[in-house]
Amino acid sequence: MAVPAPAKVARLLAASAAVLVLLWCVYFRGGLSLGSPTNKGLIFNVHPVLMLIGFIILGSEAIMGYKIWPWSHDANKMVHMLLHAVALFLGSVGIYAAFKFHNESGIDNLYSLHSWVGLGTICLYGIQWLLGVTTFFFPGASPTVRRRMLPWHIRAGLVVYILALLTAELGFLEKLTFLQAAGLGRYSSEALLVNFTALLILLLGASVVLYVTAPPHNEHTQGYSAVHKP
């Protein structure tokens, strides 16, 4: 089964965003660490990397999966569930890194819109995953209930995904604002890199949502010939 062109574009955008966020955190910000005694910024750097890889990149692949994976429905369902589980785990570690950085740096927690939306999003992500597992996997609801729940499961998943995109954009904006207030040049290489990364994430999210919500391409049975009036 060939991967459709829109999915290839989404994957390319996801890979590019991952490279750029790693370049930012490793090259410009000094690296990643969950236990740095001297440079607390290394602890924070874990946060954007894991949140992006988890909720945005793995989340994108899980959402597109049913349209692009070549396996059986049951296999696709299993991979879909596991990808979201890994995303939830990485996101939880990313949240832990942000709290650890704030606590060890003497910074207040949960004071910004980014933190409010982000914490709400990860909670909704977890609820959506648990409901999906118990309804469609184990123990599993009746066929009638699953059939009725599926459209809402899909819609709710897209809403949570869009919230994750919004959280990421708010996070990049917030961090860049702090860096510029501390002296980072507005047109410096790092500032441009952060903005470009956020732009790629926005394009990735748009491509994923458009791809999974696009109606199937079905030719009309009567064709498209002109209507001749008597």
Side-chain angles (χ1 to χ4, degrees), residues 3-33 41-65 67-69 79-80 82-95 97-98 101 113-115 117-118 121-122 125 157-180 184 186-214:
V3 177
K8 290 181 180 179
V9 171
R11 285 176 168 177
L12 177 61
L13 290 170
S16 301
V19 170
L20 289 185
V21 79
L22 285 170
L23 179 63
W24 176 42
C25 291
V26 174
Y27 179 76
F28 287 100
R29 295 287 100 198
L32 310 171
S33 175
L42 301 186
I43 301 174
F44 173 82
N45 292 344
V46 175
H47 176 72
V49 171
L50 293 188
M51 304 309 281
L52 174 64
I53 293 175
F55 289 144
I56 307 300
I57 295 179
L58 293 184
S60 297
E61 184 68 17
I63 289 172
M64 296 189 299
K67 282 193 170 185
I68 60 177
W69 296 333
V79 176
H80 176 83
L82 290 176
L83 281 178
H84 279 309
V86 174
L88 193 57
F89 171 76
L90 293 178
S92 299
V93 178
I95 292 289
F101 165 71
L113 181 61
H114 167 68
S115 61
V117 177
T121 299
I122 195 171
Y125 204 108
L158 283 176
V159 169
V160 175
Y161 177 69
I162 291 171
L163 286 174
L165 294 169
L166 173 62
T167 303
E169 298 300 308
L170 288 172
F172 281 113
L173 176 61
E174 180 180 299
K175 183 63 176 179
L176 187 56
T177 301
F178 289 155
L179 291 175
Q180 290 174 341
L184 181 69
R186 293 178 179 176
Y187 299 102
S188 64
S189 298
E190 182 177 356
L192 294 175
L193 176 69
V194 173
N195 279 336
F196 193 65
T197 304
L199 180 61
L200 284 182
I201 293 171
L202 191 63
L203 293 174
L204 167 62
S207 65
V208 170
V209 172
L210 288 174
Y211 174 59
V212 299
T213 58

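Below, each value reflects all heavy atoms present in this structure, side chains not excepted, and no hydrogens, waters or symmetry copies.
Rounded to the nearest 0.5 angstrom, Thr121 OG1 and Leu165 CG are separated by 9.5 Å. Of the inter-residue distances, the one linking Leu204 atom CG with Thr197 atom OG1 reads 12.0 Å to the nearest 0.5 angstrom. For the atom pair CG of Leu199 and CG of Leu20, the computed distance is 10.5 Å after rounding to the nearest 0.5 Å. Here OG1 of Thr167 is found 10.0 Å from CD1 of Ile122. Values are rounded to the nearest 0.5 Å. With rounding to the nearest 0.5 Å, the separation of CG in Leu52 from CD1 in Ile57 is 4.0 Å.
The closest side-chain heavy-atom distance from Trp69 to His80 is below 4.5 Å. You'll find the side chain of Phe196 stays beyond 4.5 Å of the side chain of Trp24, heavy atoms only. Here the side chains of Leu32 and Ile43 are not in contact, with every heavy-atom distance at 4.5 Å or above. Looking at Met51 and Ile56, their side chains never come closer than 4.5 Å, going by heavy atoms from C-beta outward.
Residues meeting the side chain to side chain contact (heavy atoms under 4.5 Å, CB included) test with Thr177, sequence neighbours left out: Leu173. Legend: residues meeting side chain to side chain donor-acceptor pair (under 3.5 Å) with Glu174, ordered by chain and number and at least two apart, are Ser112. With sequence neighbours left out, Ser33 forms a side chain to side chain contact (heavy atoms under 4.5 Å, CB included) with Ser36, Leu42. Judged as a side chain to side chain contact (heavy atoms under 4.5 Å, CB included), and not counting sequence neighbours, Val19 has no contacts. With sequence neighbours excluded, the residues forming a side chain to side chain contact (heavy atoms under 4.5 Å, CB included) with Leu202 are Glu169, listed by chain and number.
Of all heavy-atom pairs spanning Asn45 and Gly30, the tightest one is ND2-N, 4.5 Å. Among all heavy-atom pairs drawn from Tyr211 and Pro4, the shortest one is OH-CG, 3.2 Å. Annotation for Arg186 and Gln180: closest pair CA-NE2, 3.6 Å, computed over non-hydrogen atoms. For Ile201 against Ala168, the heavy-atom pair with the smallest separation is CG2-CB, 4.5 Å. Of all heavy-atom pairs between Ala87 and Gly54, the closest is CB-O, 3.2 Å. Smallest separation of non-hydrogen atoms from Val117 and Leu163: CG1-O, 4.3 Å.
Of the options Tyr125, Tyr161, Phe55, a ring pair (Phe, Tyr, Trp, His ring centres under 6.0 Å) to His84 is made by Tyr125 and by none of the others.
His114 places no side-chain N or O within donor-acceptor distance of the main-chain N or O of Leu170, the cut-off being under 3.5 Å. With hydrogens and angles disregarded, no donor-acceptor distance shorter than 3.5 Å links the side chain of His47 to the backbone of Ala97.
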Checking side-chain contact (heavy atoms from CB on, under 4.5 Å) for the pair Phe44/Arg29: CA distance, chi angles, key distance, verdict?
CA-CA 10 Å; Phe44 173 82; Arg29 295 287 100 198; over 6 Å; no

Run Val194 and Val21 through side-chain contact (heavy atoms from CB on, under 4.5 Å) and show every step you take.
CA-CA 8 Å; Val194 173; Val21 79; over 6 Å; no

Could you give the side-chain donor-acceptor pairs of residues 6-18 under 3.5 Å, partners two or more places apart or in another chain?
unit_1: Arg11; atom_1: NE; unit_2: Glu61; atom_2: OE1; d: 3.1
unit_1: Arg11; atom_1: NH2; unit_2: Glu61; atom_2: OE2; d: 2.6
unit_1: Ser16; atom_1: OG; unit_2: Leu12; atom_2: O; d: 2.8

